[in-house]
Every structure is written in structure tokens, then in C-alpha cells.
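When reading the values below, keep in mind they use all heavy atoms of this one structure, side chains included, and skip hydrogens, waters and symmetry mates. For reference, positions follow the sequence shown, starting with 1.
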Amino acid sequence: MMLNTKKRPLMAAALLLTSLGITTSCIDSSYDLNKDIDMTISAGGEHLAIPVGYTEKITLDKIIELDEGDDLQIVDGEYHLLKKDNIDETNTSVGTVTVAESENIIDAITLLTSVPIPGANASVPDKQSEGKINAEARGVDKAVIEIGSLAADMPTTLTLKFELGGGISIERVDIKTMTITFPDFIQFENENGLNGQTLTMTNVQIEPSGFTKELKINKYAFGNTYGEGNRVEEENGDRILKIENQKITIEMQDIYANNPQGSGSLSITPTVTLSEMAVSEVYGTIQPDIDVKPTEVELNNLPDFLQDDEIRLDITNPVFSFNANNPLNTDVEMDGVLTGYKDGKVTKTVKIGSGNGGASITLKPSGDKQQTISIVRDEKTVVEANATKVVVPNLNDIIETIPDRINVELKPAVKTEQYYTVNLGQDYTLNSAYDIDIPLSFGSNLKIVYEETLDNFDLDLEDVDIEKAVLSINAVNTIPLAMEIKNENVSALDANGNVIKDIDVTVEGTITESKDGKTEVSSTLNVNLNETAEGAISKLDGLKLKITAVPGQATDVQLLSTQWMQLKDMKLKIPNGIKVDLN
């Protein structure tokens, strides 16, 4: 703070003498002034006060000097601590899986145990057989918990093969109607004769070389909701999907064996072969790892008044926003941990979500579109439209002592057991960013500190013997912060700006806050100066003040760049008057 002051050299002592009725024009020349007359006089008594000036109005934008790029900025006249940046993108995926080929031999169907009439066609009673289909996939990704269905990358093939066996030779077997009922888990492409899980074939001819029928499969389906599907099992460190004991039935009607010959028996052995299925899509309970790297938020571009070790912030409406997309087809629940560091040491840790007694933050499926989660201290805090507001009552802890950096650790996870679809082998990219907005609207525990110097008093007190003095200040304030000056935070300065150690300083009074940030409030401060060595006060040319601002009753009032404080009517009062040596 620069003072408005006027030079008042102690040659003004002559004027002082004149005002006291003392002149030298009438002194008898026979007297030696240096020897015969004591030229030391006293003046002023208890009422001598020397004006030392006043400051201009000191607006907050002068006290809080901001540079381009500082984290503290003025937004519409309000002070906001702002910090925003992207968080490294995170990719998650579920590994591909292949259902291995499986050959399933169905129990043989016996048609003849002997040849009834050699060379004649033999009618065979209707036959039925039942069997089981099994298959498995190994190396299933650990994210897959339960499978509702598997979709093929390309349609795979189910091959039905019927082979004749036994000692009886034959030209062929004619089957008027064959009905095969497949297990429910197999979903076929459209096929003539196929109705749901039932395939009906007519006029089937099985030659000695056998009969083959192929069907196309596009999906294996086990259930629609959690608990109905096929659970992935773990064996010896491997994760296995087992398809076991799935029932298949085969019915044959109007069967004829053409020209049976020889001895022994005649049978049909069905075989069901499931070709290898490369799976492209899984529907089920899937909980992939979403590993977001911790992000460091540096807070190193701050004005001095926010960096003092004594500073304590109590911000009523800080907003920590996180923008993130959710590329999965299910809810992602997110917890977080904010850890402050100052000088390499942890200041405070604030947990967000389930670790802080609340619920995890929910990110709805959004593809590439980002959604905003705003972490606030108070439900009343206004956040941007469409943002999800999450109240964390102890959010101020992370900034109470302003850290050098804040470690932001986000922990998104899929916790739901509800089924959803994942494309295997595809990268799902989660992009996120943080946006911190701390408007300097203070609560009851705020404490900030800044320093100012009042200099250039220009008192020229070299020839004046002063043991005690009081600097009286009228402080006018529209800033919504009460301010105090502690004794240890005042230093007397000489004309070169050096601290005068032989002056004890005590301060009386405080600067009262403006309760609405608009009304001017006046307060009186008295800075008492007592010299401990002769001549110390005569060197006085200024004071260095460390002003500690703390809230009084004016809480929740926003700091504005236009709010101001002014030190007026500053007078140096000399309680015991002064002694002037005119020699």
C-alpha cells in the first residue's frame, strides 16, 4: 500500500517555535547559544499528533493480484479457484471366447435283430431315441460371471449324421417321418422343416454310406435374467463354460428296411456335431475391470494470500465436477478418493461415494456422450443443468489447507448382476475430465493472510527524542472479512526498508467486516510503538503489516473484486510530546 503523504522535515521546528512565541531575532548577541542557553525544548504534551497520510481505496483486485494462467480467476466479478483438465482415457474390454467343437453320439436305434424274409422289404415299428449334447469353452474372461447367451461371430454348423451298423446289409432305410427335438439352448437360423427346437424331415433315405443334415446356429441361449444362465466355473486356474447334458430326442415313423440280407442286426447311430463357435457377443452378468489412472491436480498458480501456512478455507459451495461417458450397456457405479498433499505430506483425504457413507455415483449408459457428476458440500449449491448432484458434507476438508496438489482417484466398476450385452474383443473407451470450481464464499472457519507495507512516512525525526508513539488508523471496510493484526505480525521499518529491532509493537483493535460485502464499516486501530533503545523511533519511516483475515458474522458472502478497504486519517500520536534540540 502506498501512502498519500507530504514531506514535513523537522526544519518545521522553526515554525513550531514561532507558534510558541520564540524567535531568535531579539536574542542579545552577548549570549552564546551553544553554551549559555539550553536549546532543548518540549512541545505537544499528550495531544501532539502528526498526520502521516492515508491510502487510496484498496480493492480486492489490487490486494489479490492475479496473472494470466493463475488458478484463481475473476468470473463476473467473483473470485473463483478454477482448475480443469482431462483425465487419461481408460479402455476396457472382455476377451474373446470360442466354444470348442464337440461330437455327441446318440444311443444307437436298433431296427432289426434278424432278417425276417430274405430279399423282401421289412417294415420296422416306430422308433425313438434320446441323447445328451455337451460342449465347453475354456479361457473365458474373468469379467464374465454368468452367461445368458452367446452369439456367433459367423453362423456355425450343427451336423446331424446317421450311420447304419450291424451285420445285416441293406440297400437303404426309408423313413417316412423323422422328428428331432433339440435342446432349448440352441438357436437356429431359419430352416425348412424347423419349428422352434423341432426339426421335422419326411421321406428320409439312409444309404449304407449314411445320411447327413446340416443346420446353421447363430446363438446359444441359456437364460434371460441372473440366476437362469450358465455360470462360468473355475478349474485349476482356468475359467470354463460348460454346456452339459442337454437333452435331444429323435423319433422315427413308418420305417422300411429295403432288401435286408445276412445275419446279425441292423441299427442306426445318430451323431450330433457342434462345430467350433467363435463368439462375438455375450449377454449376461459381466463385470469388467475399469482401471482409471489416478490424476494429479496441481494447485501451484495461486496468489500469496492463499499460500500462507496459516490459511484455512471454509468454502460453503465448492463444486468438484467430473465429466465422463459410459460406453457399456449397463450402469457403471463410481466411487472416488481425493487426497491432498502439501510439501509432500498428506493434508486430508475425502472419500466420495460408498466409502463415505453414501451410495456410489451412477453413470448411466451413454456411449460417447459425456455426463456430468457434480460433487458439492451442500444440497443448496447450484450446479449446471442436467448434472447429477452428489452431496459430500466433508468436501471442504480437501481444501481447508490448500494443498499443492490433489490426487484424484476414480474407481468406476460394474457391480450389477443384471444381464447386458458386451461385444467381445472390442475396446470400450471411457473418457473423463475434472472441473473444479471453488467460489470464494466463505464459511465460519475461513482464515486467509496477506502482507502489506506502509512506507514513506517521511517524518525526519532524527533530531527528535521520542520514546513512545501511537499510529492511529481509521479503517473503512466493505470486504466481508473481519481482519486482525497480531503484535508479532507488525514490523517497524527505517527509510531503507530494514526492520528496526529496537521497537516493541502492540496492536489494539480489529477491522470489522462488512456483513453484506457492500456497506462501509469503520474501525479504529492503534499501533503502539515503544522503543527499547534510544533513538529507535527517530528512524521510523514505515510499517510492515501481516493482516490476518477471518470471517466474523458475514459468512456465505461472496468475495468480489470491487470490494475494498481504506486506511484513513493515519496519525502518529506522541503521548508525551517531543523534545527538540535546537543546537
Which residues pass the side-chain hydrogen bond (donor to acceptor under 3.5 Å, both in side chains) test with [X], not counting sequence neighbours?
X	answer
Glu136	Arg138
Asp291	none
Ser366	Gln371

So, do [X] and [Y] sit near enough that their side-chain heavy atoms are less than 4.5 Å apart?
X	Y	value
Leu160	Pro270	no
Leu158	Val272	yes
Ile87	Tyr434	yes
Lys216	Thr157	yes
Glu191	Lys213	yes
Tyr420	Val414	yes
Asn86	Asn431	no
Asp404	Tyr341	no

Shortest non-hydrogen separation from [X] to [Y] and the atoms involved:
X	Y	result
Thr362	Ile373	O-CD1, 4.3 Å
Asn356	Asn394	ND2-OD1, 3.1 Å
Ile170	Asn258	CG1-O, 2.8 Å
Tyr220	Thr156	OH-CG2, 4.5 Å
Ile175	Gln253	CG2-O, 3.7 Å

Notebook entry, point to check: Should Asp335 and Ser360 be marked as a side chain to side chain donor-acceptor pair (under 3.5 Å) after you check the CA-CA gap, both sets of side-chain angles, and the distance that decides it?
Noted result: CA-CA 5 Å; Asp335 295 318; Ser360 297; 2.8 Å; yes

Looking at [atom1] of [X] and [atom2] of [Y], how far apart are the two atoms once the value is rounded to the nearest 0.5 Å?
X	Y	atom1	atom2	answer
Leu111	Ile206	CG	CD1	7.5 Å
Glu103	Leu274	CD	CG	10.5 Å
Leu424	Asp153	CG	CG	9.5 Å
Ile290	Lys411	CD1	NZ	14.0 Å
Ser263	Leu112	OG	CG	12.5 Å

Distance-only donor-acceptor check, side chains [X] and [Y], under 3.5 Å:
X	Y	answer
Ser265	Thr113	no
Glu296	Asn407	yes
Asn259	Gln261	yes

Note to self: Can a donor-acceptor pair be found, under 3.5 Å and without considering hydrogens, that links the side chain of Glu244 to the backbone of Asn134?
What the structure shows: no

